[in-house]
Asker: 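What follows is a structure written as structure tokens; I'll ask about it next.
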Amino acid sequence: MAKRKKIIVIGSGFGGLSAAIRLAAAGHKVTIFEKRDHWGGRAYQYNINGFKFDGGPTVITAPHLFDELYKQAGKRREDYFQLVPLDPFYRIFNGNGEAFNYWRDIDQSVAEVERFSPQDVEGYKQFVHGTMDVFRQFYPYTEQTFPNLASFAKILPYVFRTGTWRSMYGYASQFVKDDFMRKVCSFHPLLVGGNPFDTPTIYGLIIQFEREWGIHYAKGGTGAVVNGLGQLFLDCGGQIYFNTPVEEIVIRNKRAVGVRLPDGTVEEADEIVCNSDVPFTYKHMIARSNRPAWVDVWIDNMKFSNSLVVTYFGTDKRYTDAALSHHNLLLGSGNYRKHMQEIFKGKKLPKDLSLYLHMPTRTDDSIAPPGCESFYVLSLVPHLDAGINWNEAGPAYTDHVLSHLQQEYLPDLKNHIIAQHSINPMHFRHTLNSYKGAAFSVQPNMMQSGYFRPSNKSKVFDNLYFVGAGTHPGAGVPAVIASGKIAAEMIDPAPVRQQVYQPMQFALNA
Ligand SMILES: Cc1cc2nc3c(=O)[nH]c(=O)nc-3n(C[C@H](O)[C@H](O)[C@H](O)COP(=O)(O)OP(=O)(O)OC[C@H]3O[C@@H](n4cnc5c(N)ncnc54)[C@H](O)[C@@H]3O)c2cc1C
């Protein structure tokens, strides 16, 4: 190992943990300062009246990215937490009570397309072929940076030749004609904060990311993954301070040299890794006198993802007879394009509802008290620039969502709720320090991707690195774990990469 460095990591989301574990396993002295009282950031797990509610990510894919972290530390992931595969991946409701089972196996999904829209079967197969190709083309870029514009320009001939510069919805619409099928083929950008009508199809690689490695559930919820990674960090000799927000990154001669804590002490470090949101960090954690004016102009011109209202609720009964599955997408039946515009560009709460309903008790009894059921319902809403007064609008909106669930999917729901908690854009802004309360930070459009996305090494300050959703390669658990890998390797390229990549497992019989 080269010189043992003193490294500070700000924040313990998946991106921060990924970098911190790699660097601690490589023998560096790593300290995490975390604002909240537990690990996980967006993946924080709430424990309320005996229910466990995963705060954010529930769809766990690419488990080899976790395995790599354990392997680098000489450990086994299975000794820390267990994963079970889920299939169907999603049950997608069309707004008229009918559900499409979105299976890992393509032939099974094709059979579902045949059931809903027989004329779209051939088009669906071509669409899947297209996204497989996108995956093969772009997967390597999810684990490396674009060091200069020329390296990014190399992808452009492919993007123009294949039409994958088009929006995910536009690309899907070339192949499938039915409105619901178009939604089924183009919802994935929403998982990383992108508007399907704006997000280029290069993000369609997520579709095959899921098929390649499956969708998994961690026993005990995503909280078990967070705890498993936290324990691994401690086992590697790392140190964490909870309830300790970093107030300022101390800059000397354009170099990040330490962090200032709430009690005024300054902790010095050789390198600083920010898992705090990139735009928030530049604007609120680095003194204005230390940052060049162009940084503010750059951030002021960025586009940000949507935000979310998420309500976690536990019932005193099980809904085993409902036609629902572990992961449910409950789409509205209104005008989809208009609905997305209201979410991404609007100034008020959308009338239509597009919801994700998580029902982990379907897979894991331990997540709720005996005979009870644990849920979360997620709704897409505009970020704070919309000017919505969430103190007033929040409770009424949550009630609207629960009423909708009660009427369409979970009879008599409100009479059975015995635990409840909600978050809205104010949570993202004030608890998680996310700029404008965006749930997925910087929006994934073409001009904010690859070389144009905030880089993993600061272009302004030496010894300052960024990991997490607002940086390359983007939002979502696999991406932020990859960002931690990229940043850690920039700081210490010495440790051998522990690649646990598994070969392609999916095939299309067409
Ligand atoms: C509701 C929801 C559902 C999602 N579902 C999925 C899913 O199913 N699958 C998937 O792959 N992705 C999902 N995502 C996206 C995914 O959760 C995120 O992209 C990812 O977890 C973000 O990780 P991160 O590394 O950027 O860190 P974050 O989770 O954003 O954590 C950053 C940490 O930094 C801390 N911090 C910030 N400022 C400071 C400071 N000044 N000092 C100290 N600490 C600080 C915060 O407290 C926080 O703990 C979901 C996101 C949300 C919100």
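Counting starts at 1 for both ligands and their atoms, following the listed order.
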Asker: Can you pull the residues with any heavy atom under 4.0 Å from ligand 1?
Answerer: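 For ligand 1, the residues that come within the 4.0 Å heavy-atom cutoff are I10, G11, S12, G13, F14, G15, F33, E34, K35, R36, G40, G41, R42, G55, G56, P57, T58, V59, T244, P245, V246, N275, S276, M285, L308, V310, Y376, L378, F428, L432, N433, F440, G468, A469, A475, G476, V477, P478, V480.
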Asker: For Y241, does the OH atom sit with more than 12 other heavy atoms under 6.0 Å from it, leaving out its own atoms?
Answerer: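 No, OH of Y241 has 12 or fewer neighbouring heavy atoms, counting only those of other groups under 6.0 Å.
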Asker: Taking only residues two or more places apart in sequence, or in another chain, which ones meet Y451 in a side-chain hydrogen bond (donor to acceptor under 3.5 Å, both in side chains)?
Answerer: none
Asker: My understanding is that only residues two or more places apart in sequence, or in another chain, count here; which of them pass side-chain hydrogen bond (donor to acceptor under 3.5 Å, both in side chains) with Y80?
Answerer: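 Partners of Y80 by the side-chain hydrogen bond (donor to acceptor under 3.5 Å, both in side chains) criterion, ordered by chain and then number, come out as D235.
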Asker: Thinking salt bridges, do D87 and R104 make one under a 4.0 Å N-O criterion?
Answerer: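 No, this pair does not count.
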Asker: Can you tell me if H383 and N306 form a side-chain donor-acceptor pair at under 3.5 Å?
Answerer: no
Asker: Considering only residues two or more places apart or on different chains, which pairs with a residue in residues 461-491 satisfy ring-ring contact (aromatic ring centres under 6.0 Å, His included)?
Answerer: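 ring-ring contact (aromatic ring centres under 6.0 Å, His included) check on residues 461-491 returns F146-H472, Y282-F466.
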